[in-house]
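Report on the structure given below.
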Protein chains: 2
Amino acid sequence: MNDIDEGAGQAAGRSRSKRADARRNEETLLDAAAAAFVASGVEAPVRDIAARAGVGMGTIYRHFPTRADLIVAVYRHQIEACAEAGPALLATSATPHAALGRWVDLFVDFLVTKHGLAAVLQSDSPGFEALHASFLDRLLPVCGQLLDAAAESGEIRSDLKAYELMRGVGNLCIGAESDAKYDARRLVSLLIEGLRHPG
Amino acid sequence: MNDIDEGAGQAAGRSRSKRADARRNEETLLDAAAAAFVASGVEAPVRDIAARAGVGMGTIYRHFPTRADLIVAVYRHQIEACAEAGPALLATSATPHAALGRWVDLFVDFLVTKHGLAAVLQSDSPGFEALHASFLDRLLPVCGQLLDAAAESGEIRSDLKAYELMRGVGNLCIGAESDAKYDARRLVSLLIEGLRHPG
DNA sequence: TAACGATACGGAGCAGTGTTCCGCTTTGCA
DNA sequence: TGCAAAGCGGAACACTGCTCCGTATCGTTA
């Protein structure tokens with residue numbers, strides 16, 4: 001988050017830019033967190049991440065006050081890519097419903113490969129609202145656009161809100177990476193299929 | 001609930017039946033747990049439950065070694081009722097698919113009204129396998145029967161296993177009780193709808 | 001009914017986690 | 001080079017799950 005704020009700060013001309021060691025630590029922390037998330041899931045103990053980065057506990061909390069901030073920072077690029085894929089798919093797919101299906105697949109792939117992310121995405125514990133917000137702020141409009149297009153073309157019922165769809169898809173992905181007998185992609189595609197039929 | 005174990009013991013003739021105070025405590029504990037679950041969700045701290053029951057920590061762990069055991073004991077009757085409703089619905093509904101839909105609704109109502117149960121039902125942490133097992137052992141066959149009936153009647157595709165359906169439905173219920181903007185029942189019905197069409 | 005062994009109880013204590021706080025160090029500027 | 005300000009580290013606290021064992025209670029037997 002803060003790298004960006006810093007940019008904003010400079011743009012505003014105020015800019016007392018961050019100290020070099022701080023910037024370095026933030027970078028290190030991001031790498032360490034990414035590694036820890038892969039190794040132990042997004043719920044990896046804060047101490048582990050700090051240890052990986054070779055910094056103290058205070059440092060991690062200073063840069064990323066909540067776990068959500070850290071998660072958002074680590075996955076920001078991938079979220080961005082997913083968001084950008086929306087319009088692209090809409091333009092290149094045969095029908096809006098097909099585009100929606102493919103976009104959702106993208107989202108599912110993202111979630112399923114991030115150990116525990118889906119679970120935390122739905123968490124209602126305080127401190128994760130930030131995560132909800134960041135992810136949803138970016139993705140919800142994209143999803144809404146796909147949904148609207150599909151509704152307009154008459155392919156699907158139009159009474160489901162983007163929020164509910166995203167939430168449902170996210171939920172279906174929970175635990176998918178650790179249960180060979182459960183194929184989240186399949187359930188999601190069933191859900192998307194169920195969207196058909198304005199009836 | 002445990003009266004059952006005791007019955008088994010007696011049936012085996014071995015039966016050195018449980019001490020009266022132990023039986024009493026178990027009952028008290030069950031009530032306390034139910035109350036705590038309502039108040040703070042199924043993840044209520046063990047200490048709280050013990051305090052509510054007016055017993056020590058040791059007592060709770062002796063009677064219910066894992067949280068899953070406690071949850072199972074508390075909700076056993078409702079699970080049983082849900083299981084028994086399956087065949088009944090199949091007999092009284094217009095079509096197997098309708099029966100499946102209504103049965104799933106029952107299950108969803110159960111999950112959604114138990115704060116946090118759905119979340120814990122999918123947990124892969126050790127100690128919850130017992131919970132998985134207990135719930136699934138009882139409900140999976142019922143769900144499978146409904147699914148088979150609907151498949152046989154040609155109403156739905158037949159390639160989805162009962163396990164995946166139950167898991168998907170359970171996941172869709174996660175967090176539903178604490179988010180007014182999310183209607184799990186709707187998503188689930190969409191999923192069931194998506195089951196139609198053998199294609 | 002008194003005594004005794006089995007059963008069960010209570011809660012202190014350990015371990016693992018998140019989070020805060022503050023004295024010390026490093027940085028960048030004058 | 002000196003000195004605030006910015007940043008750092010990690011001890012310490014709070015809260016949780018879970019274990020362990022000395023003590024109390026129960027049920028039985030003499």
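To find a chain, count down the sequence lines: A is the first, B the second, and so on, and within it residues start at 1.
Rounded to whole Å, atom P of C:dT17 lies 16 Å from atom CD of B:Glu43. Separating the OH atom of A:Tyr61 from the P atom of C:dC21 is a distance of 13 Å, rounded to the nearest angstrom. Distance, A:Asp21 CG to D:dG9 P: 9 Å, rounded to whole Å. Distance A:Arg23 CZ to D:dG7 P: 10 Å, rounded to the nearest Å. The interatomic distance linking A:Leu29 (CG) with D:dG7 (P) rounds to 14 Å, in whole Å.
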Evaluate A:Asp124 against B:Asp179 for side-chain contact (heavy atoms from CB on, under 4.5 Å), listing each step before the verdict. CA-CA 8 Å; A:Asp124 55 350; B:Asp179 185 344; over 6 Å; no
Report the C-alpha separation of B:Cys143 and B:Leu165 in whole Å, then their side-chain angles, then the decisive distance to 0.1 Å, and conclude whether the side-chain contact (heavy atoms from CB on, under 4.5 Å) test is met. CA-CA 8 Å; B:Cys143 181; B:Leu165 178 57; 3.9 Å; yes
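For D:dG7, neither phosphate oxygen OP1 nor OP2 lies less than 4.0 angstrom from any side-chain nitrogen or oxygen of A:Asn25. For the OP1/OP2 pair of C:dG10 and a distance below 4.0 Å, the side-chain nitrogens and oxygens of B:Thr59 include at least one atom meeting the criterion. Taking only side-chain nitrogens and oxygens, B:His63 never comes nearer than 4.0 Å to OP1 or OP2 of C:dA8.
Comment: B:Arg186 engages A:Glu164 in a salt bridge, judged by a side-chain N to carboxylate O separation of less than 4.0 angstrom.
Out of C:dT26, D:dC26, D:dG17, the shortest distance to the side chain of B:Arg24 is found at D:dC26. Side chain of B:Met57, nearest nucleotide from C:dT27, D:dC18, C:dT17: D:dC18. Minimum atom distance to the side chain of B:Ala20 is reached by D:dG27, of the listed D:dG27, C:dT20, C:dA8. When the nucleotides C:dG10, D:dT19, D:dG7 are ranked by their closest atom to the side chain of B:Arg62, C:dG10 comes out on top.
Between the side chain of A:Arg19 and the base of D:dA6 there is at least one donor-acceptor pair of N/O atoms closer than 3.5 Å.
Note on residues 101-117 of chain B: pairs passing side chain to side chain donor-acceptor pair (under 3.5 Å), not counting sequence neighbours, are B:Gln78-B:Lys114, B:Ser93-B:Arg102, B:Asp109-B:Arg185.
Side-chain contact between A:Glu80 and A:Arg138: present, with at least one pair of heavy atoms (C-beta onward) separated by less than 4.5 Å.
Contacts between residues 46-55 of chain B and DNA chain C, defined by a heavy-atom separation under 4.0 Å, are made by B:Arg47, B:Gly54, B:Val55.
Taking the six-membered ring for Trp and the full ring otherwise, A:Tyr75 and A:Phe135 have centroids separated by 6.0 Å or more.
By the 4.5 Å side-chain criterion applied to Ile, Leu, Val, Met, Phe, Trp and Tyr, B:Ile174 is assigned to a cluster that also includes A:Ile174.
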